[in-house]
Amino acid sequence: MTTPHPALAATDPELAALVGAEERLQAETLRLIPSENYVSQAVLEASGTVLQNKYSEGYPGRRYYEGQQNIDRIETLAVERAKALFGVDHANVQPYSGSPANLAVYLAFARPGDTVMGMALPMGGHLTHGWGVSATGTWFHGVQYGVREDTGLIDFDQVRELALKERPKLIFCGGTALPRTIDFASFGEIAREAGAVLVADVAHIAGLIVGGAHPSPVPHVDVVSTTTHKTLRGPRGAMLMSREEHAKALDKAVFPGLQGGPHNQTTAAVAVALHEAAQPSFRDYAHAVVANAKALADALLARGFDLVSGGTDNHLILMDLTPKEVPGKIAAKALDRAGIVVNYNTVPYDPRKPFDPSGVRIGTPSLTSRGLGTEHMAQVAAWIDRGVTAAGAGDEDALLTIRAEVAELMAAFPAPGLPV
Ligand code: DSN
């Protein structure tokens with residue numbers, strides 16, 4: 001059999017074997033982590049080019065190194081595509097990933113000790129939205145909002161009350177475990193009333209936004225921060241976008257404020273992903289991701305699962321396994337052995353600890369990229385149900401049986417970017 005990475009296999013067989021093993025794992029398993037995806041072969045190729053060899057501190061036309069003839073055009077292409085796709089005045093495609101992108105926003109608009117506001121991590125927010133263990137909660141005074149215990153929905157009364165009392169410099173909206181549509185307009189009204197800069201962190205839903213399957217934050221917020229590798233289906237990277245008035249502050253914060261040379265190979269792959277996301281087929285993809293998530297949520301509800309907020313509007317489902325009497329971590333690890341890859345997650349008001357929480361977070365971006373449709377979601381829910389039951393009973397044979405069934409279905413839906 002020929003190897004898909006001949007030079008790697010010849011130079012470093014040990015590493016090549018590990019890459020091959022990961023390719024098999026990604027091919028054979030049902031990947032349900034909502035922040036993951038499969039990039040296309042074109043994105044993979046762009047991110048593995050000689051662009052890797054070039055230093056390019058600065059911005060197109062304003063670099064600190066020579067030899068930027070091609071790099072400038074590549075970065076400009078990525079910037080122009082981002083602007084067109086998201087409908088923004090300004091885009092910076094250089095942040096290395098989501099956390100540095102958000103840190104650059106702090107650098108642009110706040111000073112250490114300032115008050116900032118975001119959703120609490122255990123409620124579905126992100127570390128970089130001012131949570132205590134993050135630099136953003138250590139160097140800044142983070143105040144945190146959450147969701148209502150009875151509905152699982154963002155508590156806008158609390159958001160407004162906190163914002164007017166604390167007068168934060170920055171308000172972050174968006175998160176990592178929010179199954180419902182984000183009401184950017186309400187956040188915009190509150191931020192204006194409080195005099196805060198409003199940042200929408202749309203890392204999870206960027207692909208849904210450009211695909212027309214989630215409302216855009218652009219008319220309502222000052223800054224849009226996003227990673228490029230989740231529903232947007234690009235390489236691991238990030239972007240900051242804004243109106244023209246904030247362009248200089250953001251650019252200065254990214255470079256020279258926080259980062260050195262941009263990762264040009266990633267910039268190129270971001271440009272490719274944005275080109276792909278501008279195609280009509282990507283709109284179909286974004287809507288299919290949501291349709292699959294809704295169908296999966298319905299099938300799980302029918303099997304007696306407790307879903308935070310009662311379901312989903314987007315790509316993500318947060319299951320509270322408390323009624324099943326199986327802790328999230330035990331369930332996640334058992335599902336992994338069954339070939340179903342998920343992550344354990346806190347649920348709002350979780351009585352358990354973050355490293356051993358009550359919930360499991362799942363999503364449909366990856367399986368949709370493989371071509372699975374709503375007709376498959378009853379089967380996916382059945383596997384999850386059987387897997388959780390087997391986890392509770394310690395039934396390893398049942399997990400192995402599921403693993404074989406999963407692999408059989410996955411073989412019929414080859415994953416983009418992976419050797420067949
Ligand atoms: N790690 C990402 C996620 O899984 O949601 C957030 O940064």
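The figures here come from the full heavy-atom set of this structure, side chains too, leaving out hydrogens, waters and symmetry mates. When a ligand or atom number is given, it counts from 1 through the structure's own listing order.
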For the aromatic rings, using the six-membered ring if either is Trp, is the centroid distance between [X] and [Y] under 6.0 Å?
{"X": "F156", "Y": "F187", "result": "yes"}
{"X": "F140", "Y": "H129", "result": "no"}
{"X": "H315", "Y": "H204", "result": "yes"}

Residues in contact with ligand 1, criterion: heavy atom under 4.0 Å: S35, H126, T176, H204, K230, R361
Cation-pi geometry met for R31 and Y38 (6.0 Å, 45°): yes
Distance-only criterion, 3.5 Å: show the donor-acceptor pairs between side-chain atoms of residues 171-181 and protein atoms not counting sequence neighbours.
{"unit_1": "T176", "atom_1": "OG1", "unit_2": "G125", "atom_2": "O", "d": "2.9"}
{"unit_1": "R180", "atom_1": "NE", "unit_2": "S309", "atom_2": "OG", "d": "2.9"}
{"unit_1": "R180", "atom_1": "NH1", "unit_2": "D313", "atom_2": "OD1", "d": "2.8"}
{"unit_1": "R180", "atom_1": "NH2", "unit_2": "S309", "atom_2": "O", "d": "2.9"}
{"unit_1": "T181", "atom_1": "OG1", "unit_2": "D313", "atom_2": "OD2", "d": "3.3"}

salt_bridge(E57, R63) N-O dist < 4.0 Å: no
